[in-house]
Amino acid sequence: MTADKPLRIATWNINSVRARLPLLERFLADYAPDVLCLQEIKVETASFPRAWFADRGYPHMAIHGQRNHHGVATLSHQPLFDIETRDWCGMGDARHVATALSSGIVIHNFYVPAGGDVPDPEANPRFAHKLAFLDEMVAWSRKLSGPAILLGDLNVAPLETDVWSHRQLLKVVSHTPPETTRLAALADSHGWVDAMRHFVPPEQKLFTWWSYRARDWRASNRGRRLDHVWVSPELAPGLRAMAVLADARGWERPSDHAPVLVDIAPV
DNA sequence: ATGGTTGGGGGCCAA
């Protein structure tokens with residue numbers, strides 16, 4: 001019976017891990033994912049609160065942090081193997097960490113560049129970097145083999161229903177055609193299955209991020225789906241459940257992103 | 001068309 005117990009995996013752009021420990025306390029107590037993937041930890045690897053997570057049942061950690069910005073971390077109940085990172089676009093940013101579970105599943109935890117405000121690669125080097133990063137992901141993904149999960153803050157809302165207004169966001173970074181076509185190419189490159197849309201039909205709006213700048217984020221609900229969980233084709237039959245914990249966006253001192261949980265049974 | 005908020009780090013930048 002424990003043999004078919006689903007793996008519960010969570011992804012959450014935490015927007016500073018040190019500022020969100022009270023949030024994480026509540027989340028781990030209530031939802032107890034087996035594996036927790038964080039983005040935007042905003043701390044150097046050496047200063048990551050390792051003891052805090054170990055005390056709460058997550059002694060296995062793959063931390064890839066940097067001072068000030070970005071940074072990803074994968075925390076686990078079970079041992080992690082083959083921890084790898086890679087210098088995407090030669091920028092030296094901490095935006096990806098790969099880990100393997102004993103089952104052989106490889107988890108790729110990503111923080112894709114946000115891309116700045118102006119959706120023009122000529123005028124805005126941040127946007128050029130974002131497009132180059134996505135292009136590099138497509139080439140990389142083609143060469144993958146074996147069971148894998150690609151998740152994290154991809155900073156792109158690919159479907160019309162992944163934003164509060166498709167028409168009004170077509171020229172807003174995160175939902176422009178150069179970004180959404182690249183995300184579709186990335187999905188195609190390995191036959192990735194969108195685990196969130198596996199459960200929620202594309203006609204239905206689905207968001208994981210709400211701006212801090214809204215007067216009342218819940219009432220205006222001008223959200224976007226920037227966070228994603230994709231599984232390689234062989235894992236898709238194991239998909240059991242998915243939840244976006246929008247409530248966590250309303251907890252005290254929240255991240256602007258909500259956590260996403262996916263349960264995957266062994267296949 | 002603009003401004004709205006947050007965190008990090010050190011007096012603004014990125015999101």
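Quick note on labels: first sequence line is chain A, next is B, and so on, each numbered from 1. The shown structure was predicted, so the numbers you read here are calculated from the model rather than taken from an experiment.
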Separation of [N] [atom2] from [X] [atom1] (nearest whole Å):
X        : N      : atom1 : atom2 : value
A/Arg253 : B/dG8  : CZ    : P     : 7 Å
A/Arg222 : B/dG3  : CZ    : P     : 16 Å
A/Asp256 : B/dT5  : CG    : P     : 14 Å
A/Glu40  : B/dC13 : CD    : C1'   : 13 Å
A/Asp153 : B/dG7  : CG    : P     : 17 Å
A/Gln39  : B/dA15 : CD    : C1'   : 14 Å
A/Ile41  : B/dA15 : CD1   : C1'   : 16 Å
A/His257 : B/dA14 : NE2   : P     : 17 Å

So if you build clusters from Ile, Leu, Val, Met, Phe, Trp, Tyr with side-chain heavy-atom gaps below 4.5 Å, do A/Leu159 and A/Leu183 land together? no
Member of A/Arg225, A/Arg224, A/Gln168, A/His166 meeting the side chain to side chain donor-acceptor pair (under 3.5 Å) criterion with A/His175: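 Between A/His175 and the candidates, side chain to side chain donor-acceptor pair (under 3.5 Å) is satisfied uniquely by A/His166.
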Pairwise [atom1] distance for [N] and [M], with rounding to whole Å:
N      : M      : atom1 : result
B/dG3  : B/dG7  : P     : 22 Å
B/dG4  : B/dA15 : C1'   : 13 Å
B/dG9  : B/dC13 : C1'   : 10 Å
B/dA14 : B/dG10 : P     : 15 Å

Going through the checks in order, is the side chain to side chain donor-acceptor pair (under 3.5 Å) test met by A/Asp227 and A/Thr11? CA-CA 8 Å; A/Asp227 303 276; A/Thr11 182; 5.3 Å; no
Kindly determine whether A/Arg253 and A/Ser16 satisfy side chain to side chain donor-acceptor pair (under 3.5 Å), including the steps that lead there. CA-CA 11 Å; A/Arg253 276 191 89 197; A/Ser16 169; over 6 Å; no
Measure from the side chain of [X], starting at C-beta and using heavy atoms only, and say which of [options] lies closest.
X        : options               : result
A/Arg20  : B/dT6, B/dA15, B/dG8  : B/dT6
A/Ala19  : B/dA15, B/dA14, B/dG8 : B/dG8
A/Arg213 : B/dC13, B/dG4, B/dG8  : B/dG4
A/Arg95  : B/dA15, B/dG9, B/dG7  : B/dA15

Which sits closer to the 5' end of DNA chain B, A/Tyr212 or A/Lys42, going by the nucleotide each is nearest to?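 Its nucleotide being nearer the 5' end, the pick is A/Tyr212.
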Could you check A/Asn13 against A/Ala214 and say which one's nearest nucleotide on DNA chain B is further toward the 5' end? A/Ala214
First locate atom CG of A/Leu151, then atom CD1 of A/Ile9, and finally report the distance between them rounded to the nearest 0.5 Å.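 The CG atom of A/Leu151 sits 5.0 Å away from the CD1 atom of A/Ile9.
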Between A/Arg67 and B/dG10, is there a side-chain N or O to OP1/OP2 distance below 4.0 Å? yes
On the nucleotide B/dC13, are OP1 or OP2 found under 4.0 Å from the side-chain N or O atoms that A/Arg126 carries? no
Given A/Trp140, A/Trp192, A/Trp230, the one that forms ring-ring contact (aromatic ring centres under 6.0 Å, His included) with A/His108: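 The single option meeting the ring-ring contact (aromatic ring centres under 6.0 Å, His included) with A/His108 is A/Trp140.
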Using a heavy-atom cut-off of 4.0 Å across all strands, would you classify A/Arg215 as base, sugar-phosphate, or nothing? nothing
